[in-house]
Amino acid sequence: MPELAEVEFYRRIWNAGFGQRVTNVEAHSDKRIFRGVDTANLLGSLTGAVLDASFSHGKQMLFRFSNGWLGIHLGMTGELRVEATDFPAEKHDHLLLRLPNVSLVFADPRLFGRVLFHQGAKEPAWWQTLPPSLESEEFTLERMTSVLQRRKKAPIKAVLLMQPFFPGVGNWMADEILWRSRVHPATSCGSIPPAGVRKLFLATKTVAADALETIASAKGTTFGDPPTGWLFHQRWGKDGTCPRCNTKLDRDEIGGRTTAWCERCQPRPI
DNA sequence: TCTCGTGTTTCTTG
DNA sequence: TCAAGAAACACGAG
């Protein structure tokens, strides 16, 4: 599920372990999600460490322990869970942190997710160099305009999915942003007028903020769906209709991903 | 049996 | 060197 707001949702799930000392770590260390990681060092370092903070940025998460930094990317099918202390690891549970009161679990059937581990007083380099988040003041209209100028021929849908520029935007968020802006997903970036870019910019900010607000107000252990009236609710099925004009949504592969849009509200570029 | 997928990385082509 | 598209990764759900 993991796009911006879902990642934030999963980060909070592990809050149950704050302030507790890790008594044991279990890992399927031969799995793909540990590629490039010294798993022996990870296991040895986290055992006995205390979880004291966590952060999310786009689709990335970072958990601060007293003896290292654990980075997690959920890929396409990853999830974080909290289980009982004696919970036996299931087939796709690749990393388990045993704490006095709970077990923190990272599961991922398709193994597209990723674990990173870093030791040092400061955050890992890859975290420090992340692009400005969509919610930040550094994410500006000027920045977005220059990104689109540099990708003149690419369809806007594909560019919205580029994490170095739009951290946290995934397939459904991109479709939501385009639908709100009334821009066809196949429109080449170079052909979008300044007024259109401004609409896209404002929609990006709004979708990110509203999705995060949905998570904040859900405050339970279930991921609350976005408000009614979002394209989100219509884009999955084959019979989805436009929440604005009730036209049946079109579906096709654009920018390498399945894309849903309303041909009436988002006219195809000439 | 077959197709599809809420993501990234790497390869290929231009 | 860069932009853009395709393939690869792996496995469950429908």
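All figures in this text were calculated on a predicted structure; none of them were measured in a lab. Naming convention: chains lettered A, B, ... in sequence-line order (proteins, then strands); numbering from 1 in each chain.
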J.: Give the rounded distance in Å between these two atoms: NZ of Lys31(A) and P of dA10(C).
T.: 10 Å

J.: Considering only the P atoms, how many Å lie between dA10(C) and dC11(B), rounded to the nearest integer?
T.: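 Between the two P atoms, the distance is 15 Å.
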
J.: Using atom P of each nucleotide, how far apart are dA4(C) and dT6(B) to the nearest Å?
T.: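 Here dA4(C) and dT6(B) have their P atoms 23 Å from each other.
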
J.: Tell me which nucleotide among dT9(B), dA10(C), dA4(C) gets nearest to the side chain of Arg110(A).
T.: dA10(C)

J.: Where the side chain of Leu111(A) is concerned, which of dA4(C), dA10(C), dG5(B) is the nearest nucleotide?
T.: dA10(C)

J.: Categorize Pro155(A) for me: base, sugar-phosphate, or nothing, with a 4.0 angstrom heavy-atom threshold over every strand shown.
T.: sugar-phosphate

J.: What are the residues of residues 89-96 of chain A, sorted by number, that bring a heavy atom to within less than 4.0 Å of DNA chain C?
T.: Lys91(A), His92(A)

J.: When you measure from the side chain of His73(A), which nucleotide among dT8(B), dA4(C), dT6(B) comes out closest?
T.: dT8(B)

J.: Starting from the C-alpha separation in whole Å, work towards a yes-or-no answer on side chain to side chain contact (heavy atoms under 4.5 Å, CB included) for Val207(A) and Trp230(A).
T.: CA-CA 10 Å; Val207(A) 170; Trp230(A) 283 40; 4.2 Å; yes

J.: What's the closest nucleotide to the side chain of Lys59(A) if the choices are dT6(B), dT8(B), dA4(C)?
T.: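 Side chain of Lys59(A) sits closest to dT8(B).
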
J.: Could Asp108(A) and Lys31(A) be called an ion pair, given the rule that one side-chain N must be under 4.0 Å from one carboxylate O?
T.: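 Salt bridge between Asp108(A) and Lys31(A), a charged N being under 4.0 Å from a carboxylate O: no.
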
J.: With no hydrogens and no angle check, do the side chains of Lys153(A) and Ser188(A) hold a donor and an acceptor under 3.5 Å apart?
T.: no

J.: Could you check how far CZ of Phe165(A) sits from P of dG7(B), rounded to whole Å?
T.: 17 Å

J.: Could you check which nucleotide pairs with dT6(B) in any of the strands shown, counting Watson-Crick or G-U wobble with both distances under 3.5 Å?
T.: none

J.: Checking the side chain of Gln163(A) only, and the main-chain atoms of Gly168(A) only, is there a donor and an acceptor separated by less than 3.5 Å?
T.: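 Confirmed, Gln163(A) side chain pairs with Gly168(A) backbone.
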
J.: Using heavy-atom distances to pick each residue's nearest nucleotide on DNA chain B, tell me which of Arg35(A) and Trp236(A) is more 5'.
T.: Trp236(A)

J.: To the nearest angstrom, how far is Arg151(A) atom CZ from dC2(C) atom P?
T.: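 Computing the Arg151(A):CZ to dC2(C):P distance gives 10 Å.
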
J.: Between Ile254(A) (CD1) and dA4(C) (P), how many Å, whole number?
T.: 16 Å

J.: With no hydrogens and no angle check, is any side-chain donor or acceptor of Arg251(A) less than 3.5 Å from a backbone partner on Arg235(A)?
T.: yes

J.: By a 5.5 angstrom centroid cut-off and a 30 degree plane limit, is there stacking between Phe112(A) and dT8(B)?
T.: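 Here the ring of Phe112(A) and the base of dT8(B) are not stacked, as the 5.5 Å and 30° limits are not both satisfied.
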
J.: Taking Lys59(A) for the side chain and Val169(A) for the main chain, is one N or O donor matched with an acceptor at less than 3.5 Å?
T.: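 Flag set: sc Lys59(A) to bb Val169(A) pair under 3.5 Å.
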
J.: Tell me whether the OP1 or OP2 atom of dT8(B) has a side-chain N or O from Gln163(A) closer than 4.0 Å.
T.: yes

J.: For Trp179(A), is the NZ or CZ atom of Arg244(A) found under 6.0 angstrom from the centre of its six-membered ring and inside 45 degrees of the ring axis?
T.: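 Flagged: Arg244(A) positioned over aromatic ring of Trp179(A).
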
J.: Answer yes or no: does a side-chain N or O of Arg257(A) lie under 4.0 Å from OP1 or OP2 of dT6(B)?
T.: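 Yes, such a contact exists.
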
J.: Taking the nucleotide of DNA chain C with the nearest heavy atom to each, does Arg150(A) or Glu253(A) sit closer to the 5' end?
T.: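 Looking at the nearest nucleotide for each, Arg150(A) comes out on the 5' side.
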
J.: Provide the Watson-Crick or G-U wobble partner of dA10(C), both distances under 3.5 Å; none if there is no partner.
T.: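 Check on dA10(C): unpaired, no WC or wobble geometry under 3.5 Å.
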
